[in-house]
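Keep in mind that what you see is a predicted model, and the values were worked out from it rather than measured.
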Amino acid sequence: MENTAALKIPFGGSSRKNTEPKHRLNDFRIKSTTHFGIQRKMVSYMTTHSWQNVPHVTYVYEPDVTDFFEEYKRLNSSGLHSRKITFNTLMLKVFVEGIKADPAVNAHIDYNHEYVKGELKTIEDINISMPWILPNGEMMTINLRNFESKSLDQMAEYIENVSKKIENTDLNEAMYEVSFANTIDSLKKGHVVETLKKFAGAKLGRHKVKTLSGEEKKEYESIPENERITKYDLEPGTITISNIGSVYKEQRGMIGILEIIPPQVFAIGVGGVQDKPGIFKNRKGKQEIGVRKMLPICLAFDHRALDFGEVVPFMKRLDDIFANPAQIHNW
C-alpha cells in the first residue's frame, strides 16, 4: 500500500510542479495611464456607495410611442411655443407628469441598517439630477430645479441657460466646490477618518486633483455665478433621469440596470426611439401587426423605500400620455 503520509502537499496546492508561465503587468504594452480626475473620483465613489448600500429593483418599461412621436412632430410647427422643444425636453415633461401622479417616487430615504430604522420624506419640489455630456466628452450631473411648476417653454429656456453656463464653466473648479462642501459636511457629522482619507486622495500624491490658482482662479471667479455652473447647480436633486437616447439616437439597445444615488429612491434611464414590430389597433379598432416606434425606459427603485405597486401609478400616467398624445399641446 502506498504511504500517503509521505505525500506532503500544502493546502490548496499540488504535487505536480507548476510549469505555466507567470504573467506580470509589465508583460503587457501599456498604451497610456490616466489617473482619475475629480469628476471620475466623484462618480466612482457615489456609484460604488450606491451598489453597496441600495437593494435595487429595475424594470424595463417599453411603451409604444408611435402616435406620441407623430404628435411631437406637430408640436414645433403649431406656433404655440416661443422656442424649439426638443424630444429630450418633452420627455422630461412627460416624466414630471408621471412623478406628479406618483409622489412616492420623488422622495429621499434616511435608513440606519444597524438599528433597522428608516424614514421616507416625500418631496414637493421636483428637482431632476440629469447627467450632461460636456463638449470634451466628460459628464456633469446638473440639478434642474423646480420642474414641477414649469411649462414646456420654461423647461426649454432653463435647459438653454444651462448649456450657456456650461460654456463658461471649469469642470474641476465646479466639482471641487461640491467636494469641499461635502468634506465640511462629513466632518460636522463626525466622519473624521473617512474624510481625511478622501482629502489625502484628492490633494496628495500623483492622484491629486488639479484646480486653478493665482490669476487664473481670479479670472475664473470674476465670471458672475449666474453665468457659470456652481455648487448650487450640482447639488443632488430629488430624482435622477439619464437619457442616453439624446447622446446616441441610433443605438438599438436599452438600459437594463441603473444605479440609484442615495438618498434618492427612484431613477429613470431612457434609450432611443426604435422601430420594432408590434401589435396595434387600427382606426376600425381591429388589431394589426406593423412597424411601431418603441421607447425603452429603465425604471429603478430602492426596495427599502418602494415596492413595485408604488411605481405603477407613474407608468399608468405615462401610458395615458402615450395613448392620448394630443394633451402635450396644453403643456
Only counting residues at least two apart or in another chain, list the ones meeting salt bridge (charged side-chain N to carboxylate O under 4.0 Å, His left out) with [X].
X: Asp307; value: none
X: Glu225; value: none
X: Glu160; value: Arg83

Could you tell me whether the side chain of Asn143 reaches within less than 4.5 Å of the side chain of Tyr232, counting heavy atoms only?
no

Donor-acceptor under 3.5 Å (Ser77 side chain, Arg74 main chain):
yes

Just by distance, no angles: are the side chains of Glu227 and Asn168 close enough, under 3.5 Å, to form a donor-acceptor pair?
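Looking only at side-chain atoms, Asn168 and Glu227 do not form any donor-acceptor pair under 3.5 Å.
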
Side chains of Thr66 and Asp64 only: does a donor on one sit below 3.5 Å from an acceptor on the other?
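Yes, a side-chain donor-acceptor pair sits under 3.5 Å.
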
Quick one: salt bridge (Lys or Arg N to Asp or Glu O under 4.0 Å) pairs with a partner in residues 263-279, sequence neighbours left out?
Glu62-Lys276, Asp275-Lys293

Which residue pairs pass the salt bridge (Lys or Arg N to Asp or Glu O under 4.0 Å) test with at least one member in residues 109-123, sequence neighbours excluded?
Glu119-Lys121

Ring-ring centroid check Phe95 Phe147, cutoff 6.0 Å
no

Among Phe308, Phe301, Phe266, the one residue meeting ring pair (Phe, Tyr, Trp, His ring centres under 6.0 Å) with Phe314
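Result: among Phe308, Phe301, Phe266, Phe266 is the only option passing the ring pair (Phe, Tyr, Trp, His ring centres under 6.0 Å) with Phe314.
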
Which residues pass the side-chain contact (heavy atoms from CB on, under 4.5 Å) test with Glu259, not counting sequence neighbours?
Thr47, Ser50, Trp51, His56, Ile261

